[in-house]
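For reference, the structure discussed in these notes is given below.
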Amino acid sequence: MTEKIALTPKTHTTPPAKFSHGVRKGNILQVAGQVGFLPATEGQPPTPAGPTLREQTLQTLANVQAILEEGGATWDDVMMIRVYLTDVDHFAEMNALYNAYFEEHLTAAPPARTTVYVGLPPGLLIEIDALAVLDA
C-alpha cells in the first residue's frame, strides 16, 4: 500500500485547520485551494500579495506551483484546475492572466478547468486548487 504524504513547502505557513496544502499518494497529487499569500515569514501572519487581482492571481499560481514541485510534479502533470473567484467581473482579467501564465509554463496539453464564484475571507479575490497525475 502506498503511503499518503502531506506536502508543505517552506514558502507556506502551517495550515490554520486540520488539512494539508498538498497530499501525494502514489502517482496522484492533490493541491489544496491556494490563495495569493506572499511566502511565509516566521512569526508573521499570512499577507496577501496585494490588493489587485493580478498580484493575487500570479502569487496564487506560484503557491500552487510550489506544492506541485514539493510533490515532484510540474504543471504538465496537472489534469484539473479549479479557480474560485469572489467577483464575476474578474473573470475576463483572470482568464487573460491565466492564459498568459500557461503560455510560459506548459509544454503539454492544458489541464481541464472549472471556474466558480465563492466567498473568501476579506481581501482575498482568488483561490486555485489542482489535481496532478505523475508518471511514476
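All residue numbers in this chain count up from 1 along the given sequence.
When Leu7, Val31, Asp77 are each tested for a side-chain contact (heavy atoms from CB on, under 4.5 Å) with Leu68, only one passes: Val31.
Val118 belongs to a hydrophobic cluster with Val35, Phe37, Tyr84, Val116, Leu120, Leu124, counting contacts under 4.5 Å between side-chain heavy atoms of Ile, Leu, Val, Met, Phe, Trp and Tyr, direct or through other members. Using a 4.5 Å cut-off between side-chain heavy atoms of Ile, Leu, Val, Met, Phe, Trp and Tyr, Leu131 falls into a hydrophobic cluster with Ile28, Met79, Met80, Val133. When hydrophobic side chains of Ile, Leu, Val, Met, Phe, Trp and Tyr are connected at separations under 4.5 Å, Leu38 ends up as a singleton with no cluster partners.
Side-chain N or O atoms of His12 include none that pairs as donor or acceptor with a backbone N or O of Thr8 at under 3.5 Å.
The two atoms that bring Val64 and Ala130 nearest to each other are CG1-CB, 4.1 Å, heavy atoms only. When all heavy atoms are compared, the tightest approach of Pro111 to Tyr98 is CG-OH, 4.1 Å. The two atoms that bring Ala132 and Ala73 nearest to each other are CB-CB, 4.3 Å, heavy atoms only.
With sequence neighbours excluded, the residues forming a side chain to side chain contact (heavy atoms under 4.5 Å, CB included) with Leu97 are Arg54, Thr57, Glu93, listed by chain and number. Not counting sequence neighbours, His90 has no partner by the ring-ring contact (aromatic ring centres under 6.0 Å, His included) test.
Proximity of Ile126 to Val83: side-chain heavy atoms (C-beta onward) are separated by under 4.5 Å at one or more points. Looking only at side-chain heavy atoms (C-beta outward), Lys25 and Glu3 stay at 4.5 Å or farther from each other.
Ring planes of His21 and Phe19: perpendicular class, angle over 60° (limits at 30 and 60°).
The stretch residues 112-128 participates, sequence neighbours left out, in these side chain to side chain donor-acceptor pair (under 3.5 Å) pairs: Asn95-Arg113, Arg113-Thr115.
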Evaluation steps, side-chain contact (heavy atoms from CB on, under 4.5 Å), between Leu61 and Gln65: CA-CA 6 Å; Leu61 289 165; Gln65 184 174 341; over 6 Å; no

